[in-house]
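Heads up: the structure comes next, in structure tokens.
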Number of protein chains: 2
Amino acid sequence: MSAGARPTLRDVATQAGVSPAIASRVLNADPTVRVREETRERIQGVAKDMGYVPHSVARSLRGARTGAIGLVMHGLDSPINVDVLAGAQAACARAGYVTLLADAEQLAGDHSQLSAFLARGRLDGVILHSGYGEEDRLLEAITSSVPAVLVNSEDGRPVPTVRVDDAAAARLATEHLIELGHREIAYIAGPEGSQTSDRREAGYRDTLARHDLGGAVDVVHAGWSAGAGTTAVHELLRRPTLPTGLVVANAVAASGVLSAFRDAGLAVPGQVSVITIHDSWFLQHLSVALTAVRLPLQVLGATAADLLIDTIEGRSPVRDVAITEPAPELVLRRSTGPTSRR
Amino acid sequence: MSAGARPTLRDVATQAGVSPAIASRVLNADPTVRVREETRERIQGVAKDMGYVPHSVARSLRGARTGAIGLVMHGLDSPINVDVLAGAQAACARAGYVTLLADAEQLAGDHSQLSAFLARGRLDGVILHSGYGEEDRLLEAITSSVPAVLVNSEDGRPVPTVRVDDAAAARLATEHLIELGHREIAYIAGPEGSQTSDRREAGYRDTLARHDLGGAVDVVHAGWSAGAGTTAVHELLRRPTLPTGLVVANAVAASGVLSAFRDAGLAVPGQVSVITIHDSWFLQHLSVALTAVRLPLQVLGATAADLLIDTIEGRSPVRDVAITEPAPELVLRRSTGPTSRR
DNA sequence: TTGTAGGCGTTATCAC
DNA sequence: GTGATAACGCCTACAA
């Protein structure tokens, strides 16, 4: 063993005067092995002295596991998505897994990146953050090589699914506006095809219907970005009359909504009330501190990780999980108030 | 080979009627091998038909490389840091590396997480996002096992270093306020011990000195969070007089600064001008659209990745890189204006 | 032009 | 109690 090279198990064994087999079992605390206390201590001492570190690659070649989980995310420019990432990453780390991070768009767009990521033996499983684009092709490539969990998708998919209670969050937001006296409430949606946005829209429609306001349903398609929120407002401003309340599907888009109203000289909540879904640090610093429904996004990521790890380790997991604990929670700030009209 | 199992190189070779050696060389496009065109096509055809995917673990056990780079980050709750992450991740992916993501605090606080991450054979190198805490212990553990690059640190470290031109950014910010007529300009610093903040502070001091304002140096220690910015303002408000201009070390902290002024009923920029360093999507949506100096953070991450990859692949890299291209750039919004006082 | 064999570092099986 | 040995899948001298 030369100076720079790390010692192998064989080096340790030789140095301790035992066979590699014994050294391996002692260092892995194999409960079925019976060795003299003295031998055990000698081996452990030598390993420590030589700075022995097990070779994870050799280990996973022998066994079948790698101790690594892939996180395929998108939209990391939004803090909302980063929350999910952070929750998943932390849960994996707690369970002893390292995490490989990839960007869904990059992976879908570059075949060689995808195969590097899914190379055999690299990953024990993948958490796929469900967006609204290339998802299906990606999902197929992934599931054909390792177990996967889908975050934020509808259930009834070929793989287990985890999501927060988007409908309940939207209901809570809509109820809040109704309680304040609003009757003309629009929903500013996410991008077309987003299941997350669709579930929120369903909650919004539900709530209007339950209050006999089903005829007032008013959905404006926008997107997840601040720019999309701004565009949506410009669209509203072209109408003869404005809704008095807005449920915005996402906090980043809501930022753009608020700025657009500020630039148009409309008072929030004086002329329009705005509430959004997702809470984040920046909401209280916007042009008007933004009222929101808090959703447990870190828990979402962590639950996906736990579910995947259960699958990997052979504990049979539930299939589709809708997270209800902690429940969506109203975070009151200054962007909603009683309606002036009617 | 059973139904579920993926085919191995040997399976492909057998099926194609050749030896594993030939199959390996053909599939890896070994330029020194000379095979009949027909044989080559047969091998490639069989590999494709069987869905052969090389086993990355076996490959890296044989060779020494794993094709994986570790990203040790901190503060992913701030979009500023996420920008660096995204730049590094994308650059690694472009170069054919997968990325392992870990959180610096978690790694420093949990020994078993650290050894799982640094397990032999797992990583070809590590990008360490330099913070202000556990960095040194972490750095030692990392560098003793793989090549590393430090992002955002001073140079003169035992490993190569990459950073943006923090001093120039602070100079630009300070100059801007001076040009607007401000003479009492405070610097709202990051946390104690942050080298990034120190470099910005140096730029600020420089600029004051160059304008014969050296006596007006006024540094308030805060931190990177919005809360820290708010606290710093509260501290300022206890003074008999306020500075007329503020250079805030970081855009997240600056959010808290603006909110604190709003809550205190002070007009920005009427009574105080505020400029910050780092641009991000949320700045234009704050209570006052925030003027900032844009710094190329994605480029920072990407440069760190490129530098590390050069090291790994044996191209001798420069040691310490200060990124000057693109240069820091002033992004004018509404939070700075001529001073009313003096 | 193609094949054989050895070994990367581990761990599981079986024998002593 | 402990040790030899084989195998995981791949790559690459060297041989034919």
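This one's a predicted model, so the numbers in the text were calculated from it and none came from an experiment. In what follows, every chain begins at residue 1, and chains take the letters A, B, ... in the order their sequences are listed.
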Value in whole Å for how far the P atom of D/dA6 lies from CZ of A/Arg10: 13 Å
Does a side-chain N or O from B/Thr39 land closer than 4.0 Å to OP1 or OP2 of C/dT2, or not? yes
Under-4.0 Å side-chain N/O to phosphate OP1/OP2 contact, B/Ser19 with C/dG3: yes
From CD of B/Glu38 across to C1' of C/dT2 the rounded distance in Å is 14 Å
B/Ala58 or B/Val35: which one's nearest nucleotide on DNA chain C is closer to the 5' end? B/Val35
Taking atom CZ as the centre, does A/Arg315 end up with more than 12 heavy-atom neighbours from other residues, nucleotides or ligands that are less than 6.0 angstrom away? yes
Taking A/Arg157 first and then A/Asp136, would you say they form a salt bridge - that is, a charged N and a carboxylate O separated by under 4.0 Å? yes
Across the strands shown, which category fits A/Val57 at heavy-atom distances under 4.0 angstrom: base, sugar-phosphate, nothing? nothing
Without decimals, in angstroms, what is the distance between A/Asn28 CG and C/dT10 P? 10 Å
Between B/Arg6 and D/dG9, does any side-chain N or O lie under 4.0 Å from OP1 or OP2? no
Per nearest nucleotide of DNA chain C, the residue lying toward the 5' end, B/Leu61 or B/Val33, is B/Val33
Which atoms of nucleotides 12-16 of chain C (N or O only) lie under 3.5 Å from a protein N or O atom, and what are those distances?
none

Do B/Thr66 and B/Asp124 have side-chain atoms, one donor and one acceptor, less than 3.5 Å apart? yes
For A/Asp11 and C/dG9, give me the distance from atom CG to atom P, rounded to whole Å. 8 Å
Given side chains that start at C-beta, do those of A/Val12 and A/Gln15 come closer than 4.5 Å, heavy atoms only? no
Is there a side-chain contact between A/Arg59 and the phosphate of C/dT11, meaning an N or O under 4.0 Å from OP1 or OP2? yes
D/dC10 OP1/OP2 closer than 4.0 Å to side-chain N/O of B/Tyr52: yes
Run the side-chain hydrogen bond (donor to acceptor under 3.5 Å, both in side chains) test against A/Asp77 and tell me which residues pass, sequence neighbours left out. none
Between D/dT2 atom C1' and A/Arg36 atom CZ, what is the distance in whole Å? 9 Å
Between P of D/dG1 and CD1 of A/Ile43, the distance in whole Å: 14 Å
CD (A/Glu154) with more than 12 external heavy atoms under 6.0 Å: yes
Which nucleotide wins on minimum distance to the side chain of A/His55, given the candidates D/dC11, D/dG9, C/dT10? C/dT10
Test side chain to side chain contact (heavy atoms under 4.5 Å, CB included) applied to B/Met73 and B/Val84, step by step: CA-CA 9 Å; B/Met73 304 293 299; B/Val84 179; 4.3 Å; yes
Over all strands shown, is B/Leu9 touching base, sugar-phosphate only, or nothing at heavy-atom distances under 4.0 angstrom? sugar-phosphate
Atom-pair distance (CD1 on A/Ile22; P on D/dG1), nearest Å: 11 Å
